[in-house]
Amino acid sequence: MNAAQIASVLNRLADLMELNGDNPFKVNAYRRAARAVENSRVPLSSLEGGPEQLPGVGKGTAAVIREIMETGRSKQLEELKEKLPEGLPELMSIQGLGPKSIHILYNRLGVTDVEELEQAVKDHRVRELPGFGEKKEKNILDGIRQYRQQPGRSLLVHALPVAEILLRRLQDNADVQRVEMAGSLRRMKETVKDADLVVATEDPESVAEQLVSMPEVIQVINQGETKVSVLVSFGFEIQVDVRLVAPDRFITALHHFTGSKEHNVRIRQRAKEFGWKVSEYGIFDPESGRELTFNEEEELYRMLHLPYMVPELREDRGEMDRQKENLPDLLEPEDYRGDLHMHTRWSDGTASVKEMAEAAMKRGYEYICITDHSQSLKVASGLTADDLKRQREEVDRVNDELEGITVLAGIEMDILPDGRLDFSDEVLEELDVVIASIHSSFKQDRETITRRILNAMENPHVHMIAHPTGRLINRRDPYAVDVDRIFETAAQTGTVLELNANPNRLDLKDTHLKRAKEEFGVTFTINTDAHSPEAFNFVRLGIATARRGWLESSDVINTLPLHRLKERIGKAR
DNA sequence: GCCGTTTTCGGCCCGACTGTTTTCAGTCG
């Protein structure tokens, strides 16, 4: 059991305890313990003095953690699972229903799943319960309908341009003094539920009017003094929440609505240590009655004697417990010197080698690497060893023609279902960069598919593993791969792991990056896997994800000048 | 369940909003 798995058991335990009607503070204690396990800088097994060394872990939760580590199970969890109907946790995802309501519905009406809840509402049995009424019944019905439609979370790559369009429109409004994105969008999470914006204005009414009268608005959900929510359609539907605040409260509101919720909790606890109160309106000193507002977020953090934390770090994944010098000096877009994974018309790309190189030059890259698919990937017109030789000639020609960029010749080679590689060592050693990846037999069991990737990493000619877990966000689960063994072997063999910046992949994801770096010392590469010149733009998402994973410039080989890059990937021993 | 240079007991983050309520509980972000 790794840290993430133990944390997941603790969280599950907290969910069920909550439904069981346990003391909310106890529930919260389990959630805190889960976060502590997940955020621990040292593996649990090497914690001298045991889990109770972690902040928020005491005798009780430590015993549970020990039990999970030793047996892989939790007796408490099994008892709760036994006691509570299977369908109950699902009810938590219905808007407006929380643990208290579900507890009552279950105990008084015997409601155990969504269908029974719907029936109970239709029979008007729910309105008879204490604390419920007619309106609540209607809300529950709406909640069920919404839950079944599941609009789900939007990909960052879709939501970001919408928010940017709205941002520009608001900036053009003379009544708007400042406007910024907030929420998970500003934190650059891989998916977002809605697009949050914060606006500083003296005239909220006029701004609200502008928002609700935009042509893309298909529904006004809420139009109040301080908040406008609209459903817009830009080829896909997304909810946009705009907060309207007085200019002097802009920064505290921006901070509050940027979140995350967990980070905000820690910020408010911190303020309390000084006897202050933090809210979206400012920092309030109950003694003097003074309320502080700010011009920049940096001042807010300084006020709390904290180092400034960029939005990508605000997840309560340890950032609040670090001194300034222990916070990462995050990777910046300017550090990025070249893309090492892309396709051309030789396989399934849309552009030539030269067109890709020219597009890369325009972006100021110092180098790129052409990595078309290998022979076994027939659907993508994979290249044979012979094709590779001819492609190398074309790469050489482009290098002669173009000044200021170096084109490397590589391959994205399939790891075959039986674990063999698609080319012999003799073919591989001719190439500048060898990326290995999986494009078939995704459904293999954990051991088989993990072994497949380990094999590839153990080959001295394989420099990198592309999209190591194979997940497609919202569409396909990761392979059953044991990521910890991948990280461990990557560190041992010097194999570089990819953060694939394709917006559907972002693989490795933020939490993997952080753990692979901190616990295993893995080195990474960020590549777009571009199949066209336009796709180079995705690097922005890759860099944002890397920042969410606490990566610094020195963790990512794409920040190296060419000669040092060559040294780094020359792992043949 | 956890925690303590004001506390080993009595707290545990803040405010808006809604719907159920004559003063508040639950949910949400």
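A note on names: the letters A, B, ... follow the listed sequences, proteins ahead of strands, and every chain is numbered from 1.
- A/V27 comes within contact range of no nucleotide atom at all, as no heavy-atom separation falls under 4.0 Å.
- Separating the P atom of B/dT27 from that of B/dT20 is a span of 13 Å, rounded to the nearest Å.
- A gap of 25 Å separates the P atoms of B/dG10 and B/dG15, to the nearest Å.
- Atom CG in A/N264 sits about 12 Å away from atom C1' in B/dG15, given to the nearest Å.
- Using C1' as the reference atom, B/dT6 and B/dG11 are 14 Å apart when rounded to the nearest Å.
- Base pairing analysis places B/dG10 opposite B/dC3; the two distances defining the Watson-Crick or G-U wobble pair are each below 3.5 Å.
- Residue A/I267 is classed as having no contact, given no heavy-atom separation below 4.0 Å to the nucleic acid.
- In this model, a donor atom of one side chain and an acceptor atom of the other lie less than 3.5 Å apart for A/D22 and A/N20.
- Listed nucleotides: B/dG29, B/dG15, B/dT20. Nearest to the side chain of A/K193: B/dG29.
- The side chain of A/Y30 places no N or O atom within less than 4.0 Å of a non-bridging phosphate oxygen (OP1 or OP2) of B/dC2.
- Closest contact between the side chain of A/K135 and the listed nucleotides B/dT27, B/dC2, B/dT20 involves B/dT20.
- A/E118 and A/K122 are joined by a salt bridge, as a carboxylate oxygen and a charged side-chain nitrogen come within less than 4.0 angstrom of each other.
- Atom CG in A/N28 sits about 13 Å away from atom C1' in B/dG11, given to the nearest Å.
- Taking the six-membered ring for Trp and the full ring otherwise, the centers of A/H255 and A/F294 sit at least 6.0 Å from each other.
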- [ ] Test A/E518 against A/K514 for salt bridge (Lys or Arg N to Asp or Glu O under 4.0 Å), laying out the working first.
- [x] CA-CA 6 Å; A/E518 290 181 352; A/K514 184 162 185 276; 3.6 Å; yes
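- Using a 4.0 Å cut-off, some side-chain N or O of A/N139 falls inside it from OP1 or OP2 of B/dG19.
- Using a 4.0 Å heavy-atom distance criterion, A/F257 is classed as making no nucleic acid contact.
- For A/L97 and B/dC17, the CG to P distance is 21 Å, given to the nearest whole Å.
- Distance noted for atom P between B/dG4 and B/dT8: 13 Å (whole Å).
- A/D142 has its CG atom 17 Å from the P atom of B/dT27, to the nearest Å.
- Taking the charged nitrogens against the carboxylate oxygens, A/E216 and A/R169 do have a contact shorter than 4.0 Å, which makes a salt bridge.
- Residue A/T61 has its side chain nearest to B/dG1 when only B/dG15, B/dC28, B/dG1 are considered.
- The separation of B/dA16 from B/dT5, taken at their P atoms, amounts to 32 Å, rounded to a whole angstrom.
- Here A/K227 lies out of heavy-atom contact (under 4.0 Å) with every strand.
- Near-neighbour residues of DNA chain B inside residues 293-313 of chain A, defined by a heavy atom below 4.0 Å, are absent.
- If A/D196 and A/E52 are placed on DNA chain B by their nearest nucleotide, the residue sitting closer to the 5' end is A/E52.
- In this structure, A/R31 pairs ionically with A/D15, as a charged nitrogen and a carboxylate oxygen lie closer than 4.0 Å.
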Open item on the list: If you apply the rule salt bridge (Lys or Arg N to Asp or Glu O under 4.0 Å), what do you find for A/E319 with A/R187, and how did you get there?
Closed with: CA-CA 14 Å; A/E319 75 279 6; A/R187 304 198 312 278; over 6 Å; no
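- If you check B/dT18, B/dT27, B/dG1 against the side chain of A/P99, the one that comes closest is B/dT27.
- If you check B/dC3, B/dG29, B/dG15 against the side chain of A/R32, the one that comes closest is B/dC3.
- What separates CD1 of A/I104 from P of B/dG26 is a distance of 7 Å, to the nearest Å.
- Between A/E273 atom CD and B/dT7 atom P there is a gap of 16 Å when expressed in whole angstrom units.
- Taking side-chain N and O atoms only, A/S101 has a distance below 4.0 Å to OP1 or OP2 of B/dT27.
- With B/dG15, B/dG19, B/dC12 as the choices, the nucleotide that has an atom nearest any side-chain atom of A/K272 turns out to be B/dC12.
- To the nearest 0.5 Å, the span separating CG on A/L155 from CD on A/E190 amounts to 9.0 Å.
- For B/dA16, neither phosphate oxygen OP1 nor OP2 lies less than 4.0 angstrom from any side-chain nitrogen or oxygen of A/T226.
- Taking the six-membered ring where tryptophan is involved, the planes of A/F487 and A/H512 are perpendicular, since the angle between them exceeds 60° and thus also 30°.
- Dashed line: the shortest gap from a side-chain N or O of A/K277 to OP1 or OP2 of B/dG15 is under 4.0 Å.
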Task: CA sep, side-chain torsions, deciding dist, call: A/E332, A/R547, salt bridge (Lys or Arg N to Asp or Glu O under 4.0 Å) - done: CA-CA 8 Å; A/E332 299 284 345; A/R547 288 164 63 84; 3.5 Å; yes
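- In this structure, A/I94 and A/V265 both approach DNA chain B, and ranking their closest nucleotides by distance from the 5' end singles out A/V265.
- Distance A/F25 CZ to B/dC3 P: 15 Å, rounded to the nearest Å.
- Base contact: A/K261 has a heavy atom under 4.0 Å from a base atom.
- Between the NE2 atom of A/H263 and the P atom of B/dC13 there is a distance of 15 Å, rounded to whole Å.
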